[in-house]
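If you're wondering where the values come from, they're calculated on a predicted model, not measured in any experiment.
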Amino acid sequence: MTRDEKIFKLGKIITDRKEILLGLEKMSTESPEYWGIDCGLQYAERRYGKAVADDCLDLALQMGKRKPKTFAQLKALSGWEDDRLALVLEALCQASLVEWHFENLDGKNPNHEKRWVLDMFVPGSAEIMTMRPEISPVTPQVADFFERMTYLPLAGITQMVPPGGAGIGMHVIPVEQAIPANCESLPVEHLSHWLKKYEGHIGVGICSCRKQQRIRGEGSGDIEQYWCIGVGDFADYCRETGMGHDITYDEAMEILHKAEERGYVHQITNIDGENKIFGLCNCAVGVCNALRTSQLFNTPNMSRSAYTAQVTPENCVACGKCVEVCPAGAVRLGQKLCTSHGEVEYPKQPLPDNNVWGEDKWNWNYKNENGVIQTWPTGTAPCKAACPLHIGIQGYIKLAGEGKYREALELIKKDNPFPAVCGAICRKYCEDECTRGTVDEALAIDDIKQFIAAQDLKAEHHYVPPMNSSTREKFDQKIAIIGSGPAGLSCAYFLAIEGYSPVVFEKDAVPGGMMVTGIPNFRLEKDVVNAEIDVLREMGVEFRCGVEVGKDVTIQQLRDQGFKGFFVAVGLQYGGKLNVPGDDAVNVMPGVDYIKSVNAGKAQPLSGNVVVIGGGNIGADVARTAIRQGAESVQLYCLEQYEDMPMGEEDQELCKADGVTIHAGWGQTAIDTEDGRATGIHFRRCLSVKNAEGRFDPQFDDNDTAFESCTTVLYCIGQKVEWKELLKDTKVAFRPNGIAIADPVTLQTAEPDIFVGGDVYTGQKFVVDALAAGREGAVSLHRFVNEGQSLTIHRNTRHFASLNKDDIVLPPDAVKKPRRAVKGVDESKARTMHDERLIFTEEQIKSEASRCLSCGRSVVDTNKCLGCGMCTVQCKFDAIHLIRNMGDAYSRMIPAEDKFKAIGAYLPKRAVKILKHKATGKAD
């Protein structure tokens, strides 16, 4: 036989593909079985020579799949001398086609002699070959071999697999701490059972699934590293063949703990019966081939444990952390509140146990749904859905009400790196949508957050988020963040959590961007900003201030210094022009420039009648600053009608309290000047600001005019980006208004290593929006600087829906709560450059927290649940637990050789269930 013919023959011996076994398909060089064997033999030939590689193929053909043989038995089969046989066996092990062990599971090895075994493809040689550093880089086709051999043998088969998995592949084993103490669990359901069984023979190696997906360019940001634990003789085999190293029991438990923090699912090999495993993996659903067997085919019997998750609704606060880690998409956010039709009924995934199953039931998009779609279609707590950062608002309110301020701060900082800043200046999207607002007034959510964040300044509550890296180690790739405003700092924060030490470049002397230079102290005290920036320093973020990228150093020079990715978030620094006659007068200037001069201590005092143009938050800040800088009166003009002003009701009231007069519905036409100075400004009535399509298209009545004498004009009509030389010689493209063009999900520009975020991409928005953009930039940069990672696969795009507030029934006792708490005022700071607003007292916190309707909750589809327990690790509210309700069958482990017997016994039972379901319409 030729070499290829021998490979075809060996491939047929090893494969589990029904098409090959039944003669429906002939083996060829395009068969994945061929790819795998050929890759292994190529490596054997490179290392040992062609003659040895040929011997490897000949010996493997005589060994039989998974039939262990001693050296003496193999010598008798081959007829070779000891030295020749020993070399060939070494080559076969290095080629990852054969492994050895000393076991006596079959009862034929009472003396525990060393025996060699021809592995099955999966789990077996495909994983080992992918792990081996000498094979996969040279013959990357091994990754396709691994991927295909985890798919083709199972497609169209998995629906027939009984509970327990029938000795096929891998099996979920739950988080040990999540197993109820009072349940009658089986030993095989405990991680400690297996680790204690093999103590002294435990090792760890590179995850083959993560590596395979990296080679294929389909990584999900879960980077290959030492996540996969080998036990028993397999651990020794991996060590001796250079694919792993020994670890202790305690080190293994630490790996498992770190995996649980990341939401990586524990799975054990399930091909040798209940007395043996050889691997304990920590699996990420975005890359794991074993989890794919249940998730792609929608056949949970392939993976699930004997447990399912159950929510205690009264404890649940819809923080959503359980949802983010659920590998099966079984838990999503719903609502506690009843509708006018009663409780919401949530859907259940049909199961193959009692349904005819075909490709129409598969979920090809599971990677982009599980842990990504956060809510059931009927929605959840509107506050969480509305917040751009999707903070666990309901959760931190409950914790604050219980006096658990440190825990509340930790929950906030999972999503928001600047809670104190947001507590002072947030846009409060959450309060706009708060369900309580349908009763009386929305909760003072932002004030509660500000109180919690203020505790971070106290030593006993100070919190620095720990690193939670996908490799358990720090990354050494250099990432540059250009701009230290909220978007840039948020990006740095989340990169630091992931294990990077990003470098932030800031052209000003201090970091903080517009939070420091462009917002007045009475709105945001600078010591608050600096305290939260200091946390980033403690996390390992480096700041290089006084460096203007594009002037002092170019992006190309930074690349030459080793920077692999860039996040550009320089904000909108330029105040623009009024574009009316007289706008070049010396006392006409952008309002944000004036605030910058005030914050820098360089502003000239104001006097007389100051006109401020602009109805947004910046306009309010500028008008109130002008009062504090000596203006005798301040007139604020804007295009919008009073009720439509972007600044909102709170800023309107603050302006009035400071003596600012608001003139809504006017647009400037010209400025009168004298000796180069403005003396007055003309306006005309604005009839509408936007057209029917919602685009900016103001319409005016030229016959309705107004005039205002003035000493100074400060305008806030929308800031613009000032790129200067920053992006010179790059491919970054821009819109007509100057903002950068980028992918709306990944924020990647036309220059692959440059990502943008914040106002330079969206146009002028709010701090909380910029913080959300920074987090997305961190996600993209982490993936970009690691080879083979997709920017989109299994990316949490934070898909949320709000419950229907027009169709809820509120319990009377929930409505009978105190009125909304109101902040006090320090009169000594009124109309000064310090914030006169007092934070809540503890009594106010408890009162306000009691007003929360707690309208959101998690809801589990037990048909989809795998019983891994990752949700329980994330929950800090004792709201979700595992219960053992699936029966012992789901923990039944049998040898792979008995799989067809198990499937055959199950098929009649399944057929009866399907007929019963068809007849009654009810699942068994």
Can you name the ring-ring contact (aromatic ring centres under 6.0 Å, His included) partners of Phe543, sequence neighbours left out?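 ring-ring contact (aromatic ring centres under 6.0 Å, His included) list for Phe543, sorted by chain: empty.
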Of Asp560, Asp729, Leu727, the residue whose pairing with Ile555 passes side chain to side chain contact (heavy atoms under 4.5 Å, CB included):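 Output: one option passes, namely Leu727.
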Could you check whether Arg210 makes a cation-pi contact with Tyr264, meaning its NZ or CZ is under 6.0 Å from the centre of the six-membered ring and within 45° of the ring axis?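 Yes - Arg210 lies over the ring of Tyr264, closer than 6.0 Å to its centre and within 45° of its axis.
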With a distance cut-off below 6.0 Å to the six-membered ring centre and an angular limit of 45° from the axis, does Arg427 pair with Tyr429 as a cation-pi contact?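 Flagged: Arg427 positioned over aromatic ring of Tyr429.
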For the side chain of [X] and the backbone of [Y], is there at least one donor-acceptor N/O pair under 3.5 Å apart?
X	Y	value
Arg537	Val535	no
Asp621	Pro520	no
His794	Lys367	yes
Lys211	Thr130	yes
Asp552	Glu548	yes
Gln748	Pro752	yes
Gln719	Leu572	yes
Thr139	Gln141	no
Tyr226	Cys207	no
Lys384	His390	yes

Just how far is it from atom [atom1] of [X] to atom [atom2] of [Y], taken to the nearest 0.5 Å?
X	Y	atom1	atom2	value
Leu291	Leu296	CG	CG	12.0 Å
Lys258	Asn468	NZ	CG	7.0 Å
Lys724	Glu722	NZ	CD	5.0 Å
Ile412	Tyr463	CD1	OH	11.5 Å
Met539	Asp534	CE	CG	13.0 Å
Tyr594	Met589	OH	CE	7.5 Å

Salt bridge (Lys or Arg N to Asp or Glu O under 4.0 Å) for Arg216 and Asp144? Distances and angles first, verdict last. CA-CA 7 Å; Arg216 289 168 51 82; Asp144 294 327; 2.6 Å; yes
Minimum heavy-atom separation for [X] to [Y], with atom names?
X	Y	value
Trp227	Thr471	NE1-CA, 4.1 Å
Val421	Met515	CG1-SD, 3.7 Å
Pro698	Cys686	CB-SG, 4.4 Å
Ser208	Met131	CB-CG, 3.8 Å
Thr749	Ile754	OG1-O, 2.8 Å
Asp415	Gly392	OD2-N, 4.2 Å

Given Glu369, Glu776, Glu324, the one that forms salt bridge (charged side-chain N to carboxylate O under 4.0 Å, His left out) with Arg795: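 Exactly one candidate clears the test, Glu776.
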[Y] and [X], any side-chain heavy atoms less than 4.5 Å apart:
X	Y	answer
Arg775	Cys491	no
Asn786	Phe475	yes
Phe146	Cys209	yes
Val503	Phe563	yes
Cys545	Pro511	yes
Lys474	Tyr500	no
Glu218	Glu147	no
Cys326	Asn370	no

Derivation and outcome, side-chain hydrogen bond (donor to acceptor under 3.5 Å, both in side chains), residues Asn530 and Glu532: CA-CA 5 Å; Asn530 292 333; Glu532 296 200 305; over 6 Å; no
Please lay out, stage by stage, how Lys526 and Asn521 fare under the test side-chain hydrogen bond (donor to acceptor under 3.5 Å, both in side chains). CA-CA 6 Å; Lys526 300 308 170 274; Asn521 255 26; 3.1 Å; yes
Set out, in order, the CA-CA distance, both residues' side-chain angles and the distance that settles side chain to side chain contact (heavy atoms under 4.5 Å, CB included) for Val568 and Phe755, then state yes or no. CA-CA 6 Å; Val568 178; Phe755 299 77; over 6 Å; no
Could you please spell out the steps behind the side chain to side chain contact (heavy atoms under 4.5 Å, CB included) verdict for Gln295 and Asn363? CA-CA 7 Å; Gln295 299 310 297; Asn363 183 7; over 6 Å; no
Decide side chain to side chain contact (heavy atoms under 4.5 Å, CB included) for Leu489 and Phe418; before the verdict, give the C-alpha distance in whole Å, the side-chain angles of both, and the deciding distance to 0.1 Å. CA-CA 9 Å; Leu489 293 179; Phe418 286 91; 3.6 Å; yes
What residue pairs, at least two apart or across chains, pass side chain to side chain donor-acceptor pair (under 3.5 Å) with a residue in residues 490-499?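 Of all non-adjacent pairs touching residues 490-499, those that pass side chain to side chain donor-acceptor pair (under 3.5 Å) are Arg262-Glu498, Ser470-Glu498.
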Residue pairs, two or more places apart or on separate chains, that pass salt bridge (Lys or Arg N to Asp or Glu O under 4.0 Å) and touch residues 567-583: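 Sorted pair list comes back empty.
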Residues Val721, Gln573; criterion side chain to side chain contact (heavy atoms under 4.5 Å, CB included); working and verdict: CA-CA 6 Å; Val721 64; Gln573 300 284 340; over 6 Å; no
How about Gln604: does its CD atom have over 12 heavy atoms from other parts shown lying under 6.0 Å from it?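 No, because the 6.0 Å sphere around CD of Gln604 holds 12 heavy atoms or fewer from other groups.
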Step through the shown structure and confirm whether more than 12 heavy atoms of other residues, nucleotides or ligands are within 6.0 Å of NZ on Lys478.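 Yes - once you tally the heavy atoms of other residues, nucleotides and ligands closer than 6.0 Å, there are more than 12.
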For a salt bridge (Lys or Arg N to Asp or Glu O under 4.0 Å) check, start with the C-alpha distance between Glu410 and Lys321, then their side-chain angles and the critical distance, and finish with the verdict. CA-CA 13 Å; Glu410 290 181 19; Lys321 298 308 165 188; over 6 Å; no
Verify whether the ring centers belonging to Phe494 and His782 lie closer than 6.0 Å.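 Between Phe494 and His782, the centre distance exceeds or equals 6.0 Å.
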Tell me whether Lys564 is salt-bridged to Asp753, with the criterion being a basic N under 4.0 Å from an acidic carboxylate O.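 No, Lys564 and Asp753 are not salt-bridged.
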Any donor-acceptor N or O pair under 3.5 Å, side chains Glu751, Thr730: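 No donor-acceptor contact under 3.5 Å links the two side chains.
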